[in-house]
Number of protein chains: 2
Amino acid sequence: MRIEDEIHQKHFKDDYRRLLVNLLFTNNWVNQQVMPFFKQLGLTLQQHNVLGILRGQHPEPVCFGDIQNRMVDRNSNVTRLIDKLIEKGYVTRDVCAANRRMIEVRITDKGLKKLEQVDEKFPDLFSKLHNLSKEEAVLASNLLDKLRG
Amino acid sequence: MRIEDEIHQKHFKDDYRRLLVNLLFTNNWVNQQVMPFFKQLGLTLQQHNVLGILRGQHPEPVCFGDIQNRMVDRNSNVTRLIDKLIEKGYVTRDVCAANRRMIEVRITDKGLKKLEQVDEKFPDLFSKLHNLSKEEAVLASNLLDKLRG
DNA sequence: GCATGTTATTTGTATATACAAGTAATGTAC
DNA sequence: GTACATTACTTGTATATACAAATAACATGC
(Lines give C-alpha, C1' and ligand atoms only; values in the text may rest on other atoms or scores of the structure.)
Protein backbone atom coordinates (compact mmCIF):
# COMPACT_ATOMS: atom_id res chain seq x y z
CA MET A 1 0.00 0.00 0.00
CA ARG A 2 1.37 3.38 -1.00
CA ILE A 3 2.47 5.57 1.88
CA GLU A 4 0.12 8.29 0.62
CA ASP A 5 -2.83 5.98 1.23
CA GLU A 6 -1.53 4.75 4.57
CA ILE A 7 -1.51 8.21 6.08
CA HIS A 8 -4.28 9.71 3.93
CA GLN A 9 -2.06 12.34 2.38
CA LYS A 10 -2.57 13.24 -1.28
CA HIS A 11 1.02 13.90 -2.25
CA PHE A 12 4.46 14.84 -0.95
CA LYS A 13 6.39 17.96 -1.85
CA ASP A 14 9.34 15.93 -3.05
CA ASP A 15 10.73 12.43 -3.21
CA TYR A 16 13.04 12.83 -0.22
CA ARG A 17 10.18 13.92 2.02
CA ARG A 18 8.21 10.92 0.85
CA LEU A 19 11.15 8.65 1.62
CA LEU A 20 11.62 10.05 5.12
CA VAL A 21 7.98 9.59 6.02
CA ASN A 22 8.04 6.14 4.46
CA LEU A 23 11.06 5.14 6.54
CA LEU A 24 9.37 6.30 9.74
CA PHE A 25 6.08 4.63 8.87
CA THR A 26 7.75 1.41 7.81
CA ASN A 27 9.70 1.32 11.02
CA ASN A 28 6.48 1.27 12.99
CA TRP A 29 5.20 -1.48 10.75
CA VAL A 30 8.37 -3.51 11.28
CA ASN A 31 8.18 -3.02 15.04
CA GLN A 32 4.64 -4.28 15.06
CA GLN A 33 5.75 -7.45 13.29
CA VAL A 34 8.81 -7.95 15.46
CA MET A 35 7.67 -7.01 18.96
CA PRO A 36 4.87 -9.57 19.39
CA PHE A 37 7.12 -12.24 17.90
CA PHE A 38 9.72 -11.80 20.63
CA LYS A 39 7.15 -11.11 23.32
CA GLN A 40 5.55 -14.54 22.90
CA LEU A 41 9.03 -15.99 23.44
CA GLY A 42 9.57 -13.98 26.62
CA LEU A 43 12.25 -11.71 25.16
CA THR A 44 12.53 -8.19 23.83
CA LEU A 45 14.21 -7.45 20.50
CA GLN A 46 17.22 -5.96 22.33
CA GLN A 47 17.55 -8.88 24.71
CA HIS A 48 17.56 -11.26 21.75
CA ASN A 49 20.14 -9.11 20.02
CA VAL A 50 22.46 -9.38 23.04
CA LEU A 51 22.01 -13.13 23.29
CA GLY A 52 22.87 -13.46 19.61
CA ILE A 53 26.06 -11.45 20.07
CA LEU A 54 27.05 -13.60 23.04
CA ARG A 55 26.40 -16.81 21.13
CA GLY A 56 28.67 -15.54 18.37
CA GLN A 57 31.62 -15.48 20.81
CA HIS A 58 30.61 -18.41 23.01
CA PRO A 59 32.32 -19.72 25.11
CA GLU A 60 34.44 -16.54 25.12
CA PRO A 61 32.95 -13.64 27.09
CA VAL A 62 32.02 -10.25 25.62
CA CYS A 63 32.35 -6.98 27.49
CA PHE A 64 29.74 -4.24 27.66
CA GLY A 65 31.48 -1.94 25.23
CA ASP A 66 31.71 -4.61 22.56
CA ILE A 67 28.08 -5.57 23.09
CA GLN A 68 27.08 -1.97 22.60
CA ASN A 69 29.13 -1.62 19.41
CA ARG A 70 27.56 -4.69 17.88
CA MET A 71 23.99 -3.92 18.83
CA VAL A 72 21.48 -2.92 16.20
CA ASP A 73 20.06 -0.34 18.60
CA ARG A 74 23.03 1.56 20.00
CA ASN A 75 20.91 3.50 22.47
CA SER A 76 20.10 0.52 24.62
CA ASN A 77 21.35 0.67 28.18
CA VAL A 78 23.53 -2.44 28.29
CA THR A 79 23.78 -2.48 32.10
CA ARG A 80 20.03 -2.72 32.52
CA LEU A 81 19.60 -5.13 29.60
CA ILE A 82 22.12 -7.53 31.13
CA ASP A 83 20.37 -7.20 34.51
CA LYS A 84 17.19 -8.47 32.90
CA LEU A 85 18.98 -11.35 31.18
CA ILE A 86 20.65 -12.39 34.45
CA GLU A 87 17.24 -12.41 36.17
CA LYS A 88 16.05 -14.82 33.49
CA GLY A 89 19.17 -16.95 33.84
CA TYR A 90 20.28 -16.49 30.21
CA VAL A 91 23.67 -14.85 30.92
CA THR A 92 26.32 -14.51 33.61
CA ARG A 93 28.47 -11.49 34.47
CA ASP A 94 31.92 -11.39 36.02
CA VAL A 95 34.44 -8.65 36.58
CA CYS A 96 37.32 -9.04 34.15
CA ALA A 97 40.49 -10.02 36.05
CA ALA A 98 42.82 -8.27 33.60
CA ASN A 99 40.95 -4.97 33.67
CA ARG A 100 38.62 -4.62 36.59
CA ARG A 101 36.68 -1.83 34.94
CA MET A 102 35.31 -4.31 32.45
CA ILE A 103 32.53 -6.84 32.81
CA GLU A 104 32.67 -10.21 31.10
CA VAL A 105 29.29 -11.42 29.96
CA ARG A 106 28.69 -15.04 28.90
CA ILE A 107 25.64 -16.83 27.64
CA THR A 108 24.42 -19.79 29.71
CA ASP A 109 23.12 -23.14 28.47
CA LYS A 110 19.64 -21.88 29.28
CA GLY A 111 20.31 -18.84 27.11
CA LEU A 112 21.54 -21.02 24.26
CA LYS A 113 18.41 -23.16 24.49
CA LYS A 114 16.24 -20.06 24.38
CA LEU A 115 18.02 -18.91 21.23
CA GLU A 116 17.42 -22.29 19.61
CA GLN A 117 13.76 -21.94 20.45
CA VAL A 118 13.75 -18.53 18.74
CA ASP A 119 15.57 -19.95 15.71
CA GLU A 120 12.89 -22.58 15.25
CA LYS A 121 10.22 -19.91 15.06
CA PHE A 122 12.20 -17.47 12.91
CA PRO A 123 10.60 -18.53 9.62
CA ASP A 124 7.28 -17.16 10.94
CA LEU A 125 8.90 -13.76 11.38
CA PHE A 126 10.76 -13.63 8.10
CA SER A 127 7.72 -14.71 6.16
CA LYS A 128 6.33 -11.26 6.89
CA LEU A 129 8.97 -9.78 4.61
CA HIS A 130 8.10 -12.07 1.70
CA ASN A 131 6.15 -9.41 -0.13
CA LEU A 132 9.56 -8.63 -1.59
CA SER A 133 11.36 -11.11 -3.80
CA LYS A 134 14.86 -12.12 -2.78
CA GLU A 135 16.27 -9.75 -5.40
CA GLU A 136 14.14 -6.87 -4.12
CA ALA A 137 15.23 -7.60 -0.54
CA VAL A 138 18.86 -7.32 -1.61
CA LEU A 139 18.16 -4.13 -3.52
CA ALA A 140 16.28 -2.56 -0.61
CA SER A 141 19.02 -3.48 1.83
CA ASN A 142 21.71 -1.99 -0.40
CA LEU A 143 19.73 1.22 -0.80
CA LEU A 144 19.47 1.52 3.00
CA ASP A 145 23.24 1.01 3.28
CA LYS A 146 23.80 3.74 0.72
CA LEU A 147 21.28 6.07 2.37
CA ARG A 148 23.21 6.09 5.63
CA GLY A 149 26.37 6.96 3.76
CA MET B 1 28.48 1.65 4.98
CA ARG B 2 27.34 -1.96 4.73
CA ILE B 3 25.18 -3.18 7.58
CA GLU B 4 27.67 -6.03 8.16
CA ASP B 5 30.33 -3.47 9.00
CA GLU B 6 28.02 -1.30 11.08
CA ILE B 7 27.27 -4.09 13.53
CA HIS B 8 30.53 -6.03 13.08
CA GLN B 9 28.84 -9.14 11.78
CA LYS B 10 30.54 -11.12 9.02
CA HIS B 11 27.46 -12.28 7.12
CA PHE B 12 23.75 -12.99 7.39
CA LYS B 13 22.08 -16.34 6.93
CA ASP B 14 19.86 -14.98 4.18
CA ASP B 15 18.81 -11.81 2.43
CA TYR B 16 15.60 -11.37 4.39
CA ARG B 17 17.42 -11.50 7.71
CA ARG B 18 19.85 -8.93 6.41
CA LEU B 19 16.98 -6.71 5.33
CA LEU B 20 15.22 -6.93 8.69
CA VAL B 21 18.35 -5.98 10.61
CA ASN B 22 19.03 -3.24 8.11
CA LEU B 23 15.54 -1.80 8.56
CA LEU B 24 15.94 -1.78 12.35
CA PHE B 25 19.41 -0.28 12.19
CA THR B 26 18.41 2.32 9.63
CA ASN B 27 15.47 3.33 11.76
CA ASN B 28 17.81 4.19 14.60
CA TRP B 29 19.96 6.15 12.18
CA VAL B 30 16.93 8.05 10.90
CA ASN B 31 15.77 8.81 14.43
CA GLN B 32 19.14 10.21 15.27
CA GLN B 33 18.92 12.56 12.31
CA VAL B 34 15.33 13.57 12.99
CA MET B 35 15.13 13.87 16.78
CA PRO B 36 17.75 16.59 17.31
CA PHE B 37 16.32 18.51 14.35
CA PHE B 38 12.91 18.80 15.99
CA LYS B 39 14.34 19.16 19.47
CA GLN B 40 16.17 22.36 18.57
CA LEU B 41 12.84 23.69 17.36
CA GLY B 42 11.10 22.79 20.62
CA LEU B 43 8.96 20.02 19.12
CA THR B 44 8.94 16.26 18.97
CA LEU B 45 8.48 14.39 15.70
CA GLN B 46 4.94 13.39 16.72
CA GLN B 47 3.97 16.91 17.77
CA HIS B 48 5.15 18.19 14.40
CA ASN B 49 3.21 15.45 12.65
CA VAL B 50 0.01 16.55 14.41
CA LEU B 51 0.57 20.21 13.58
CA GLY B 52 1.06 19.29 9.92
CA ILE B 53 -2.20 17.34 9.87
CA LEU B 54 -4.05 20.28 11.43
CA ARG B 55 -2.57 22.75 8.95
CA GLY B 56 -3.81 20.53 6.13
CA GLN B 57 -7.41 21.09 7.27
CA HIS B 58 -7.04 24.61 8.63
CA PRO B 59 -9.30 26.44 9.44
CA GLU B 60 -11.47 23.32 9.73
CA PRO B 61 -10.97 21.29 12.91
CA VAL B 62 -9.80 17.68 13.03
CA CYS B 63 -10.97 15.18 15.61
CA PHE B 64 -8.77 12.78 17.56
CA GLY B 65 -9.68 9.73 15.55
CA ASP B 66 -8.79 11.39 12.25
CA ILE B 67 -5.53 12.67 13.71
CA GLN B 68 -4.64 9.15 14.78
CA ASN B 69 -5.48 7.67 11.38
CA ARG B 70 -3.26 10.17 9.59
CA MET B 71 -0.30 9.96 11.92
CA VAL B 72 2.90 8.30 10.81
CA ASP B 73 3.23 6.72 14.26
CA ARG B 74 -0.17 5.20 15.06
CA ASN B 75 0.85 4.28 18.61
CA SER B 76 1.05 7.84 19.79
CA ASN B 77 -1.37 8.78 22.55
CA VAL B 78 -3.27 11.61 20.88
CA THR B 79 -4.83 12.88 24.13
CA ARG B 80 -1.46 13.48 25.74
CA LEU B 81 0.10 14.81 22.55
CA ILE B 82 -2.63 17.42 22.24
CA ASP B 83 -2.21 18.31 25.94
CA LYS B 84 1.41 19.19 25.22
CA LEU B 85 0.52 21.22 22.16
CA ILE B 86 -2.11 23.16 24.11
CA GLU B 87 0.47 23.93 26.82
CA LYS B 88 2.66 25.41 24.10
CA GLY B 89 -0.23 27.37 22.61
CA TYR B 90 -0.04 25.70 19.21
CA VAL B 91 -3.55 24.19 19.16
CA THR B 92 -7.00 24.57 20.70
CA ARG B 93 -9.49 21.89 21.66
CA ASP B 94 -13.28 22.10 21.85
CA VAL B 95 -16.01 19.56 22.36
CA CYS B 96 -17.86 18.98 19.09
CA ALA B 97 -21.42 20.31 19.33
CA ALA B 98 -22.85 17.73 16.94
CA ASN B 99 -21.32 14.76 18.73
CA ARG B 100 -20.17 15.53 22.21
CA ARG B 101 -17.92 12.46 22.35
CA MET B 102 -15.65 14.07 19.79
CA ILE B 103 -13.01 16.72 20.27
CA GLU B 104 -12.33 19.36 17.64
CA VAL B 105 -8.69 20.33 17.42
CA ARG B 106 -7.53 23.44 15.56
CA ILE B 107 -4.10 24.90 14.93
CA THR B 108 -3.51 28.43 16.23
CA ASP B 109 -1.65 31.28 14.53
CA LYS B 110 1.23 30.55 16.87
CA GLY B 111 1.16 26.94 15.71
CA LEU B 112 1.16 27.99 12.06
CA LYS B 113 4.14 30.26 12.68
CA LYS B 114 6.03 27.43 14.36
CA LEU B 115 5.37 25.23 11.32
CA GLU B 116 6.72 27.95 9.01
CA GLN B 117 9.82 28.09 11.15
CA VAL B 118 10.21 24.32 10.75
CA ASP B 119 9.65 24.59 6.98
CA GLU B 120 12.50 27.08 6.67
CA LYS B 121 14.90 24.64 8.31
CA PHE B 122 13.63 21.54 6.49
CA PRO B 123 16.33 21.57 3.81
CA ASP B 124 18.88 20.89 6.59
CA LEU B 125 17.03 17.73 7.51
CA PHE B 126 16.41 16.45 4.01
CA SER B 127 20.00 17.01 3.01
CA LYS B 128 20.83 14.06 5.24
CA LEU B 129 19.05 11.79 2.79
CA HIS B 130 21.03 13.06 -0.20
CA ASN B 131 23.34 10.09 -0.28
CA LEU B 132 20.61 8.68 -2.50
CA SER B 133 19.83 10.22 -5.88
CA LYS B 134 16.25 11.29 -6.51
CA GLU B 135 15.71 8.12 -8.55
CA GLU B 136 17.08 5.94 -5.76
CA ALA B 137 14.87 7.71 -3.22
CA VAL B 138 11.82 6.89 -5.34
CA LEU B 139 12.96 3.30 -5.74
CA ALA B 140 13.61 2.86 -2.01
CA SER B 141 10.24 4.35 -1.13
CA ASN B 142 8.43 2.06 -3.56
CA LEU B 143 10.22 -0.98 -2.17
CA LEU B 144 9.11 -0.03 1.35
CA ASP B 145 5.52 0.32 0.11
CA LYS B 146 5.75 -3.13 -1.45
CA LEU B 147 7.38 -4.64 1.64
CA ARG B 148 4.44 -3.73 3.83
CA GLY B 149 2.08 -5.33 1.35
C1' DG C 1 54.16 7.67 43.50
C1' DC C 2 50.97 11.42 42.85
C1' DA C 3 47.98 14.35 40.03
C1' DT C 4 45.30 14.33 36.07
C1' DG C 5 43.00 12.48 32.26
C1' DT C 6 40.61 8.64 30.03
C1' DT C 7 37.92 4.53 29.77
C1' DA C 8 34.16 1.38 31.19
C1' DT C 9 30.25 0.91 33.50
C1' DT C 10 26.43 2.56 36.62
C1' DT C 11 22.85 5.41 38.30
C1' DG C 12 19.33 9.02 38.23
C1' DT C 13 15.64 11.24 36.19
C1' DA C 14 12.43 13.12 33.07
C1' DT C 15 9.86 11.82 29.29
C1' DA C 16 7.81 8.44 26.14
C1' DT C 17 5.71 4.08 24.93
C1' DA C 18 2.74 -0.03 25.02
C1' DC C 19 -1.16 -1.85 26.53
C1' DA C 20 -5.17 -2.45 29.31
C1' DA C 21 -9.01 -0.63 31.72
C1' DG C 22 -12.19 3.19 32.43
C1' DT C 23 -15.75 6.78 31.30
C1' DA C 24 -19.08 9.17 28.88
C1' DA C 25 -21.98 10.04 24.73
C1' DT C 26 -24.41 8.05 21.14
C1' DG C 27 -26.79 4.46 18.34
C1' DT C 28 -29.92 0.45 18.04
C1' DA C 29 -33.40 -2.96 19.13
C1' DC C 30 -37.27 -3.86 21.22
C1' DG D 1 -37.87 4.95 26.73
C1' DT D 2 -34.86 1.59 28.52
C1' DA D 3 -31.28 -2.01 28.02
C1' DC D 4 -27.14 -3.07 25.54
C1' DA D 5 -23.53 -2.36 22.34
C1' DT D 6 -20.44 0.74 20.11
C1' DT D 7 -17.75 4.78 19.51
C1' DA D 8 -14.48 8.34 21.02
C1' DC D 9 -11.63 9.72 24.09
C1' DT D 10 -9.13 9.37 28.85
C1' DT D 11 -6.51 7.48 32.48
C1' DG D 12 -3.40 4.30 34.85
C1' DT D 13 0.60 1.77 35.06
C1' DA D 14 4.59 -0.82 34.05
C1' DT D 15 8.36 -0.69 31.17
C1' DA D 16 11.61 1.59 28.02
C1' DT D 17 14.27 5.46 26.28
C1' DA D 18 17.26 9.54 26.07
C1' DC D 19 20.50 11.98 28.18
C1' DA D 20 23.33 13.70 31.81
C1' DA D 21 26.00 12.99 35.86
C1' DA D 22 28.52 9.86 38.87
C1' DT D 23 31.78 6.28 40.09
C1' DA D 24 35.61 3.43 39.84
C1' DA D 25 39.74 1.45 37.59
C1' DC D 26 43.42 2.21 34.85
C1' DA D 27 47.05 4.97 32.01
C1' DT D 28 50.26 8.75 31.55
C1' DG D 29 53.45 12.41 32.55
C1' DC D 30 56.17 14.34 35.60
Side-chain angles (χ1 to χ4, degrees), chain A residues 24-25 27-40 42-50 53 61-88 91-106, chain B residues 24-25 27-40 42-50 53 61-88 91-106:
Chain A
L24 294 166
F25 187 86
N27 174 61
N28 286 309
W29 180 86
V30 169
N31 278 338
Q32 269 160 22
Q33 311 302 313
V34 166
M35 278 179 44
F37 174 82
F38 285 108
K39 191 167 190 177
Q40 69 170 350
L43 288 174
T44 65
L45 174 57
Q46 277 76 8
Q47 288 169 8
H48 176 263
N49 190 193
V50 171
I53 291 165
V62 186
C63 76
F64 278 48
D66 290 340
I67 292 173
Q68 190 133 37
N69 285 330
R70 294 175 197 182
M71 283 193 73
V72 176
D73 180 357
R74 294 286 156 75
N75 297 312
S76 298
N77 186 319
V78 178
T79 303
R80 291 194 269 239
L81 262 178
I82 298 295
D83 286 348
K84 291 283 176 194
L85 289 171
I86 290 172
E87 272 177 36
K88 294 178 185 176
V91 308
T92 59
R93 57 174 283 167
D94 301 284
V95 174
C96 172
N99 183 341
R100 308 204 311 111
R101 284 173 300 186
M102 298 209 281
I103 302 288
E104 295 181 336
V105 185
R106 288 179 179 81
Chain B
L24 294 166
F25 187 86
N27 175 62
N28 285 310
W29 180 86
V30 169
N31 278 338
Q32 269 160 22
Q33 311 302 312
V34 166
M35 279 179 44
F37 174 83
F38 285 108
K39 191 167 191 177
Q40 69 170 348
L43 289 174
T44 64
L45 174 58
Q46 276 76 8
Q47 287 169 7
H48 176 263
N49 190 194
V50 171
I53 290 164
V62 186
C63 75
F64 278 46
D66 290 341
I67 291 173
Q68 191 134 35
N69 285 331
R70 293 175 197 184
M71 283 193 73
V72 176
D73 180 358
R74 294 285 156 76
N75 297 312
S76 298
N77 185 319
V78 178
T79 304
R80 291 194 268 240
L81 262 177
I82 298 294
D83 286 347
K84 291 282 175 194
L85 288 170
I86 290 171
E87 272 176 36
K88 294 178 185 175
V91 309
T92 59
R93 58 174 283 168
D94 302 284
V95 173
C96 173
N99 183 343
R100 307 205 309 113
R101 284 172 300 185
M102 298 209 282
I103 302 289
E104 296 181 336
V105 185
R106 288 178 179 82

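Quick note on labels: first sequence line is chain A, next is B, and so on, each numbered from 1. These numbers come from the heavy atoms of this one structure, side chains and all, not from hydrogens, waters or symmetry mates.
Contact annotation for B:N77: base contact, defined as any heavy-atom pair under 4.0 Å involving a base atom. Residue B:R93 is classed as a sugar-phosphate contact, given heavy-atom separations below 4.0 Å to backbone atoms only. Using a 4.0 Å heavy-atom criterion, one finds that B:S76 contacts no nucleic acid atom at all.
Using modelled atom types, one side-chain atom of B:N49 and one backbone atom of B:V72 make a donor-acceptor pair closer than 3.5 Å. Although no hydrogens or angles enter the test, the distance criterion places no donor-acceptor pair under 3.5 Å between the side chain of A:K88 and the main chain of A:D83. For B:Q68 (side chain) and B:R74 (main-chain N/O), a donor-acceptor pair under 3.5 Å exists by modelled atom type.
Each of A:P36 and A:V78 was matched to the nucleotide of DNA chain C holding its nearest heavy atom; the match closer to the 5' end belongs to A:V78. In terms of position along DNA chain D, the nucleotide closest to A:R80 lies nearer the 5' end than the nucleotide closest to the other residue of the pair A:R80 and A:A98. Judged by closest nucleotide on DNA chain C, A:T79 is the one of A:Q32 and A:T79 placed further toward the 5' end.
In this entry the distance linking CG of A:N27 with P of C:dA18 reads 10 Å, nearest Å. The CZ atom of A:R74 sits 19 Å away from the C1' atom of D:dA16 (whole-angstrom rounding). With rounding to whole Å, A:I67 atom CD1 is found 10 Å from C:dT10 atom P.
Between the side chain of A:R101 and the base of C:dT7, a donor-acceptor pair under 3.5 Å is found.
For the OP1/OP2 pair of C:dT17 and a distance below 4.0 Å, the side-chain nitrogens and oxygens of B:N75 include no atom meeting the criterion.
No side-chain heavy atom of B:R106 sits less than 4.5 Å from a side-chain heavy atom of B:R93.
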